[in-house]
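Report on the following structure.
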Amino acid sequence: MSTAVAESDHGVRSLPIHRLLPELLRDPANVLAGIGADADGEIVRLNLGPVRHYLVSHPDHVQHVLRGNSANFTRGGSFWRPLHRLFGASVMSDGETWALSRGILQPVFTARNVNSLAGRMAEAIAEGVAEWEEAVEAGQPIHVPTRIADVVNKTVIRILFADKITLAEAERIAPAFDSIATATLVRAVLPFVPNVVPMPGDRAFRRALRTVDDVVFPLVRKYRGRPTDDQDIFSVLARARDADGGELGDQWVRDNLVAMFATATETTIGALTWLWPLLARHPEVTSRLYEEIDRVVGDGPVGPSHLADLVYTKQVIQEVLRLHPVGWLFPRAVVEPEVIGGVRFRSGDTLLISPYVTHRLTRLWDRPEEFDPDRFAPERTAHRHRYAYFPFGGGPHQCLGMHLFNLESQLIVATILSRFRLTSCVPTIATPQAAVSLRPREEVEITLRPTTRQEK
Ligand code: HEM
């Protein structure tokens with residue numbers, strides 16, 4: 001698709017995108033990637049009527065926005081508005097409410113705490129993957145998003161939420177998150193439409209919000225009444241106090257519980273769904289994975305002691321997140337006027353920050369569309385710009401769950417592939433759904449067979 005970028009009279013590349021709207025609503029990630037590729041790292045103004053949006057993709061500029069002067073770029077604007085309705089004054093907000101929540105939740109996610117959870121994480125994953133056995137033995141296809149969700153939900157509920165939310169409750173709210181992720185996109189892409197004008201997806205959004213509240217508020221009330229010293233998220237939130245020692249209400253606990261549950265599950269499920277079509281198309285990568293996992297894990301169950309040696313497994317996951325960064329777009333609103341890369345921004349302008357776009361710039365990545373986990377071989381990453389690859393964001397808002405995800409995803413991939421071999425995947429080319437998180441549009445299904453003794 002041609003997205004030829006025009007020069008405006010102020011020297012800023014400028015693109016009227018009205019004619020791209022249908023495509024933008026269908027496949028926003030690839031439309032923005034096309035615009036980014038044409039601009040090759042220069043800032044582009046996207047003209048959407050009176051609303052000023054800029055695509056900011058050069059790693060120096062991304063670094064400045066997310067880290068260098070992050071206080072001047074906040075989570076505001078049309079993309080965040082519906083998400084604020086879902087996540088409220090939580091760690092997904094900004095400013096003081098964000099800082100309070102981040103400070104309270106941070107201790108749960110230190111490397112030390114997460115490492116101490118790895119053993120129990122591996123057990124939960126092994127139990128979850130064992131449930132695939134019947135289907136595998138029967139030669140039945142595995143519906144990847146559902147089955148990966150079973151494993152991830154079980155794991156996250158056990159290690160982060162101390163089984164205080166049931167699997168059935170999680171299963172009730174998970175589809176609500178899906179529908180919120182797709183419903184919010186229409187408004188995010190059409191920022192000039194006022195909130196009072198009804199849009200497709202609005203009703204689904206409200207219904208989903210009600211489902212989330214119906215499940216989460218009773219849990220908040222139940223556990224706020226009996227706080228403990230434990231390090232699970234319920235306990236940490238239930239005993240939290242504000243800076244003056246004051247109580248934080250049910251709504252605050254609900255907001256952070258919802259934010260933590262959504263970020264801890266949706267992202268991991270998405271990433272581990274993108275993996276399979278890539279493996280099916282790249283048998284040479286899959287063979288190297290089997291070789292590494294069989295050598296490191298042998299006959300035993302996968303455990304934390306194997307992680308350091310699962311080097312290629314980690315590279316594969318990093319490369320999946322380069323091509324398919326689940327948090328593919330996280331815009332910022334400009335607070336005070338500022339000049340970046342020679343472009344003058346006004347207060348209220350929206351800067352589109354997208355790892356999906358930056359991860360595909362040819363000035364940074366050789367053959368960017370190609371799946372090549374060797375890009376993350378240790379000797380090849382040393383000289384890379386810190387913001388050439390940023391699936392977990394950066395600066396003060398950098399993903400709280402990054403270390404947890406790294407451990408969890410390595411354990412899940414190694415557990416599945418030590419027990420089973422991939423025999424087929426449909427489709428082998430997956431395309432992004434139009435949503436605020438990056439998920440395949442297609443229903444990804446795989447067939448597996450048990451690994452034989454000789455293969456190990
Ligand atoms: C594939 C896995 C994941 C990806 C790609 C991912 C990506 C991201 C990104 C890009 C941000 C920054 C958003 C921004 O700057 O506005 C973020 C923030 C966050 N992530 Fe993740 N994430 C992943 C997994 C997780 C997990 C497993 C958890 C929790 C267990 C988690 C919890 C959070 C939280 C709480 C924030 C907000 C941090 C803040 O604003 O201070 N994420 N994530």
Side-chain angles (χ1 to χ4, degrees), residues 87 90-92 98 101-129 148-165 167 170 174 177 230-237 256-275 302-308 310-311 313-322 324-327 330 355 376 389-416 437-438:
F87 296 133
S90 72
V91 66
M92 287 303 282
W98 161 76
S101 300
R102 174 115 189 170
I104 287 165
L105 287 162
Q106 188 112 22
V108 180
F109 292 95
T110 57
R112 190 151 162 248
N113 197 50
V114 171
N115 291 343
S116 77
L117 298 171
R120 283 168 56 217
M121 207 188 299
E123 282 166 23
I125 290 167
E127 282 172 31
V129 173
I148 290 284
D150 291 344
V151 176
V152 169
N153 288 341
K154 191 189 198 62
T155 308
V156 163
I157 285 171
R158 185 170 308 168
I159 63 151
L160 286 183
F161 294 92
D163 287 321
K164 289 172 180 163
I165 178 166
L167 215 46
F177 290 143
D230 298 340
Q231 267 306 74
D232 67 89
I233 288 180
F234 268 101
S235 304
V236 167
L237 294 175
N256 275 297
L257 271 179
V258 172
M260 288 315 310
F261 192 75
T263 53
T265 53
E266 284 290 293
T267 48
T268 308
I269 296 164
L272 296 183
T273 302
W274 285 109
L275 170 72
V302 180
S305 64
H306 300 127
L307 288 169
L310 293 171
V311 179
T313 309
K314 185 165 183 199
Q315 286 176 217
V316 169
I317 295 163
Q318 287 173 306
E319 176 69 344
V320 171
L321 285 183
R322 184 188 66 81
H324 307 291
V326 193
F330 34 99
F376 291 94
Y389 179 71
F390 61 104
F392 298 102
H397 284 293
Q398 167 150 301
C399 178
L400 207 49
M402 179 174 75
H403 186 53
L404 185 111
F405 169 81
N406 287 339
L407 295 193
E408 185 187 5
S409 57
Q410 265 181 295
L411 290 171
I412 293 177
V413 173
T415 302
I416 296 172
S437 71
L438 203 68

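Sequence positions, counted from 1, serve as the residue numbers for this chain.
Taking 4.5 Å as the limit, some side-chain heavy atom of Ile317 sits within range of a side-chain heavy atom of Val413. Under the 4.5 Å side-chain criterion, counting only non-hydrogen atoms from C-beta, Leu105 is in contact with Leu237. Counting heavy atoms from C-beta on, the side chains of Leu438 and Pro325 come closer than 4.5 Å. No side-chain heavy atom of Cys399 sits under 4.5 Å from any side-chain heavy atom of Phe405. Between Thr263 and Val91, the closest side-chain pair of non-hydrogen atoms is not below 4.5 Å. By the 4.5 Å heavy-atom criterion applied to side chains, Met92 and Val258 are not counted as neighbours. No side-chain heavy atom of Thr313 sits under 4.5 Å from any side-chain heavy atom of Leu307. Using a 4.5 Å cut-off on side-chain heavy atoms (C-beta onward), Leu404 and Thr268 make no contact.
Atom CG of Asn115 sits about 5.5 Å away from atom CG of Leu407, to the nearest 0.5 Å. Put simply, NE2 on His403 and CZ on Arg112 are 12.5 Å apart, with the number rounded to the nearest 0.5 Å. With rounding to the nearest 0.5 angstrom, the CD1 atom of Ile233 is 12.5 Å from the CD1 atom of Ile104. Of the inter-residue distances, the one linking Leu275 atom CG with Ile416 atom CD1 reads 8.0 Å to the nearest 0.5 angstrom. Note that the CD atom of Glu127 and the OG1 atom of Thr155 stand 9.0 Å from one another [nearest 0.5 Å]. To the nearest 0.5 Å, the span separating NE2 on His306 from CG on Leu411 amounts to 10.0 Å.
Considering every non-hydrogen atom in both Leu310 and Gln410, the closest pair reads O-NE2, 3.1 Å. The two residues Asn113 and Pro107 have their closest heavy-atom pair at CB-O, 3.7 Å. In terms of heavy atoms, Glu266 sits closest to Val326 at O-CG1, 4.5 Å. Considering every non-hydrogen atom in both Gln231 and Val236, the closest pair reads OE1-CG2, 3.7 Å. The two atoms that bring Ala122 and Val302 nearest to each other are CB-O, 3.6 Å, heavy atoms only. Gly128 and Val151 make their closest contact through C-CG2, 3.8 Å (heavy atoms, listed as atom of the first residue, atom of the second, distance).
The main-chain N or O of Phe376 is never found under 3.5 Å from a side-chain atom of Tyr389 such that the two would form a donor-acceptor pair. Between the side chain of Asn153 and the main chain of Leu167, no donor-acceptor pair closer than 3.5 Å is present.
The aromatic rings of Phe177 and Phe261 lie tilted to each other, with the angle between the two planes from 30° to 60°. Classification of the Phe234-Phe161 ring pair by plane angle, with boundaries at 30° and 60°, yields perpendicular.
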Practice prompt. In sequence, state the C-alpha distance, the side-chain angles, and the governing distance for Thr267 and Ser437, and then conclude on side-chain contact (heavy atoms from CB on, under 4.5 Å).
Written response: CA-CA 8 Å; Thr267 48; Ser437 71; over 6 Å; no
Discussion item. Test side-chain contact (heavy atoms from CB on, under 4.5 Å) on Val152 and Glu408; report intermediate values, then the result.
Written reply: CA-CA 9 Å; Val152 169; Glu408 185 187 5; 3.9 Å; yes
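For the residue pair Asp232 / Ser235, a side-chain donor-acceptor distance below 3.5 Å is found, with atom types taken as modelled.
No more than 12 heavy atoms of other residues, nucleotides or ligands shown are found within 6.0 angstrom of NZ on Lys314.
The residues Arg322 and Glu319 are annotated as salt-bridged, a charged nitrogen and a carboxylate oxygen being separated by less than 4.0 angstrom.
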